[in-house]
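Presented below is the structure to which this report refers.
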Amino acid sequence: MSEDLSAILQEQVARALTDATDVATLRALETGAFPQAAWDALEPLGLALALVPEEAGGAGLSLEDAAGLFLLLGQHAAPLPLAEGMGAALLLAAAGLPVPEGVLTFAAAGEAVPWGRHAAHVVLVDGGRVSLHPAGIATPGENIGREPRDALAPGPALEEGALPARFGAEARGLTALIRSAQMAGALQAALALAVDYANTRVQFGRPIGRFQAIQQQLALFAAEAAAASVAARSAARAADRRGLADAGFEIGCAKITAGEAAGTCAAIAHQVFAAIGVTEEHALHHLTRRLWSWREEGGTERFWAQRIGAAAQARGGAALWPDITARDEEFLI
Amino acid sequence: MEGLRFTLRDTPPEAAALRARVRDFLDEAGRDWTPEVRARSWMGFDRAFSRAVGAEGWIGMGWPTAYGGHARSAMERLVVLEEMLAAGAPVGAHWIGDRQSGPLILRLGTEEQRRRILPGIASGALAFCIGLSEPDSGSDLASLRTKAERVPGGWRLNGRKIWTTFGHLCDYMIALVRTSPAPEGAAKHKGLSQLLVDLRSSGITIRPIRELTGDATFNEITFDDVLLPEDALIGREGAGWAQATSELAFERSGPDRILSSYPLLAEGVTALAGDTAAAEPLGREVARLWTLRRMSLAVAGMLEDGEDPLRQAALVKDLGNSFEQALPGNLRRLIDTDAMPEGMRRMHAYLTMLATTFSLRGGTREIMRGIIAKELGLR
């Protein structure tokens with residue numbers, strides 16, 4: 001997809017999300033309602049096939065461009081499985097399988113299925129095999145963002161195929177990439193809320209944003225949020241070049257960076273808002289609870305750091321810097 | 001918050017081959033560097049090494065060949081810089097000239113100044129220091145009081161600069177000084193100019209200041225009726241503040257704000273081989289390093305594209321300083337200093353002391369965060 005078309009899609013999705021989702025939608029979702037109106041507004045934009053290659057009838061969006069969309073979805077705490085649907089379609093197309101219409105999601109076999117109860121179909125990844133199933137009966141579960149994370153008893157496979165080597169054998173990397181970008185987006189949104197509040201909430205006769213104690217904390221927030229965004233987008237770029245499997249290092253680094261930022265920044269946001277920020281009626285917790293949840297999905301910081309650290313130890317300190325630079329540059333030789 | 005946007009950038013196609021050449025050079029040049037030399041990195045001053053780097057064409061890389069430069073891209077220069085820092089090379093004798101003083105002269109100097117000064121920097125022969133802080137002017141830099149008055153044939157300089165790194169070893173300082181009285185009210189940024197000061201001029205007293213590390217890199221430099229020629233002025237009279245602050249994006253976003261303690265991380269990874277409990281914390285350090293490098297590359301790319309990423313640079317400096325500063329403390333949680341191999345233990349000891357300066361030099365953490373807060377729309 002050309003840069004221009006990608007930018008237009010970004011803009012359309014941003015507008016639709018702004019129009020179709022608000023705190024009321026997020027609250028309704030938590031009572032189990034599917035936000036049909038939001039789905040009807042977003043679905044026609046064609047995100048479902050965005051990551052499917054053009055030769056397979058999709059839009060052929062790069063993962064880097066997709067990361068921009070995941071970021072937007074995170075910014076709006078999008079109450080729809082749009083990122084999951086994009087990922088599922090990418091997996092199906094990679095295995096040469098057709099993409100069904102309707103709400104679609106994906107998960108590693110045996111794990112909780114994001115948005116399972118609302119999905120028509122689910123894509124399961126198991127040891128390099130991809131299969132498409134009717135979603136079947138869902139036993140509801142949720143993360144602390146109160147997003148559906150259901151146990152499914154899916155129907156028999158409608159389609160089956162093998163993932164090419166560049167996708168690797170597990171769904172974790174794709175989930176980690178999506179959640180990293182969503183966290184980066186949610187951080188931007190929470191930062192905007194906190195800055196706006198700091199500029200309007202008056203104590204001791206002036207907006208609290210005038211106090212250096214608050215300024216310094218929000219500056220740190222902005223820096224961590226920027227780091228999460230750069231990391232997620234860079235990891236997506238690496239995955240475009242090397243394939244998801246070989247971008248495990250970058251995706252892991254992004255997940256660690258975003259996860260650490262999520263913890264640091266959610267705490268700062270709540271500190272700035274004080275008591276009002278922890279009330280049910282406030283918008284902030286829809287972002288912060290998702291930040292805390294998304295850290296856990298697609299591998300925690302601990303999981304990825306253990307993997308990356310062990311690999312570095314095995315290679316030895318003398319190889320650390322050459323390995324980091326070579327990952328970018330071996331494509332250039 | 002447009003000023004906090006980062007456009008991703010990669011190193012260019014020429015990078016891999018250039019990197020290999022720099023590594024070969026450093027393997028050879030660095031055979032006898034002690035752990036303390038590697039720990040000092042760009043706080044190490046070695047003229048012979050700088051001349052060797054200059055001979056390779058790795059100083060003033062981006063400058064036109066007419067001025068001794070090599071007309072290479074800013075991203076190629078970045079490759080050289082990060083290799084030097086990753087190796088802990090003692091680059092201090094040419095670091096400031098290459099990073100700040102040379103680019104300033106190239107951009108704002110007269111043709112005569114460029115031809116006279118730049119080839120010397122590029123060859124590694126001329127060393128520069130920065131004349132900003134004064135005893136009573138640190139973070140509040142615009143309150144500085146060193147002044148230069150016009151006299152027949154040039155300028156007469158009086159005042160004092162402090163914390164001038166390597167001032168006692170350098171050839172020139174570019175000093176920010178007052179050339180007309182501070183106007184009433186808030187406009188104290190006006191009336192400042194940048195002057196090129198030959199440190200061998202008479203009337204200059206240089207007093208080294210010994211630091212807690214045991215080294216004496218800092219200096220206090222006193223100017224007592226120092227006569228400078230007419231062409232000591234760099235750029236425009238009275239425009240010194242804008243000129244000096246426009247250098248800051250170059251000063252603050254580079255790999256020197258991320259990699260100051262990198263050699264210690266490499267030592268730690270080797271020393272902790274097979275320690276399964278250390279894998280996770282080491283992985284977090286590696287992830288942080290990778291992210292910071294991606295941010296630094298982005299700022300370098302934006303600079304090369306002619307953007308003015310001053311705020312992004314402040315942001316990367318803040319995060320980068322925190323990373324390089326925390327590293328010695330983080331490593332001693334994983335391995336007792338007594339159990340560290342000799343080289344790592346010495347590097348760790350030195351960096352434990354030096355790291356305090358990382359969030360001070362080039363603008364304090366609090367000033368960086370103030371810049372970011374302003375961009376956020378606070379205050």
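FYI, side chains are in, hydrogens and waters are out, and symmetry mates aren't considered; it's all heavy atoms of this structure. Note on naming: letters A, B, ... go to the chains in the order of the sequence lines (proteins, then strands), and numbering restarts at 1 for each one.
- In terms of heavy-atom pairs under 4.5 Å with chain A, the best-connected choice from Asp275(B), Ile371(B), Val316(B) is Asp275(B).
- For chain A, the nearby parts of Glu366(B) are the backbone and the side chain; heavy atoms of each come within less than 4.5 Å.
- In this structure, the side chain of Gln306(A) does not engage the main chain of Gly283(B) through any donor-acceptor pair within 3.5 Å.
- In this structure, Gln212(A) places its CD atom where only 12 or fewer heavy-atom neighbours from other residues, nucleotides or ligands lie under 6.0 Å away.
- Counting all heavy atoms, side chain and backbone alike, Ala227(A) lies closest to Thr291(B) at O-CG2, 3.6 Å.
- Taken to the nearest 0.5 Å, the CG atom of Leu376(B) stands 9.5 Å off from the CZ atom of Phe221(A).
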key: Full working for side-chain contact (heavy atoms from CB on, under 4.5 Å) between Leu378(B) and Ile214(A)   = CA-CA 9 Å; Leu378(B) 299 166; Ile214(A) 304 282; 5.6 Å; no
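- Interface remark: Glu250(A) contributes backbone and side-chain atoms alike to the contact with chain B (heavy atom separation under 4.5 Å).
- Side-chain contact, Thr325(A) with Arg23(B): a donor N or O sits under 3.5 Å from an acceptor N or O.
- In this structure, chain B has no heavy atom under 4.5 Å from any part of Arg307(A).
- Within 6.0 Å of CD in Gln271(A) there are 12 or fewer heavy atoms belonging to other residues, nucleotides or ligands.
- Leu319(B) touches chain A through its side chain: at least one heavy atom from C-beta onward sits under 4.5 Å away, while N, CA, C and O do not.
- Atoms CD1 and CG, on Ile324(A) and Leu289(B) in that order, are 4.5 Å from each other to the nearest 0.5 Å.
- The shortest distance between side-chain heavy atoms of Leu265(B) and Trp321(A) does not fall below 4.5 Å.
- Counting heavy-atom pairs closer than 4.5 Å to chain B, the top-ranked of the candidates Gly309(A), Ala198(A), Ala225(A), Ala305(A) is Ala305(A).
- Closest approach of Gly317(A) to Val269(B), counting heavy atoms only: N-CG1, 3.6 Å.
- Atom CD of Glu64(A) sits about 5.0 Å away from atom CG of Leu8(B), to the nearest 0.5 Å.
- Heavy-atom pairs under 4.5 Å with chain A peak, among Glu280(B), Arg365(B), Glu285(B), Met368(B), at Glu280(B).
- The most heavy-atom pairs under 4.5 Å with chain B, out of Gln217(A), Lys255(A), Arg302(A), come from Arg302(A).
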inquiry  = Does Arg369(B) form a side-chain contact (heavy atoms from CB on, under 4.5 Å) with Gln215(A)? I'd like the steps, not just the answer.
reply    = CA-CA 7 Å; Arg369(B) 292 188 181 172; Gln215(A) 291 176 2; over 6 Å; no
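- Among all heavy-atom pairs drawn from Ala278(B) and Gln313(A), the shortest one is CB-NE2, 3.9 Å.
- With rounding to the nearest 0.5 Å, the separation of CD in Glu329(A) from CG in Leu18(B) is 9.0 Å.
- For Pro207(A), no part lies near chain B; criterion is any non-hydrogen pair under 4.5 Å.
- Contacts of Arg311(B) with chain A are absent, with no heavy-atom separation under 4.5 Å from either backbone or side chain.
- Expressed to the nearest 0.5 Å, how far OG1 of Thr7(B) lies from CZ of Arg233(A) amounts to 7.0 Å.
- The residue among Asp318(B), Thr276(B), Leu315(B) with the most heavy atom pairs within less than 4.5 Å of chain A is Leu315(B).
- Ala279(B) approaches Ala310(A) most closely through the heavy-atom pair CB-N, 3.7 Å.
- At a 4.5 Å heavy-atom cutoff, the contact between Leu259(B) and chain A is made by side-chain atoms alone.
- Of the two parts of Phe211(A), neither the backbone nor the side chain holds a non-hydrogen atom closer than 4.5 Å to a non-hydrogen atom of chain B.
- Contact check on Arg19(B) versus Asp328(A) returns no salt bridge, with no Lys/Arg side-chain nitrogen under 4.0 Å from an Asp/Glu carboxylate oxygen.
- The two residues Trp290(B) and Ser234(A) come nearest to each other via the heavy atoms CH2-CB, 3.7 Å.
- Residue contact with chain B, scored on non-hydrogen atoms closer than 4.5 Å, involves the backbone and the side chain of Ala223(A) alike.
- Contact between Thr257(A) and Ala287(B) at its shortest, heavy atoms only, is OG1-O, 4.0 Å.
- Neither the backbone nor the side chain of Ala298(B) comes within contact range of chain A, judged by heavy atoms closer than 4.5 Å.
- In this structure, the portion of Glu260(A) lying under 4.5 Å from any heavy atom of chain B is its side chain and not its backbone.
- Interface residue Ile256(A): only side-chain heavy atoms are found under 4.5 Å from chain B.
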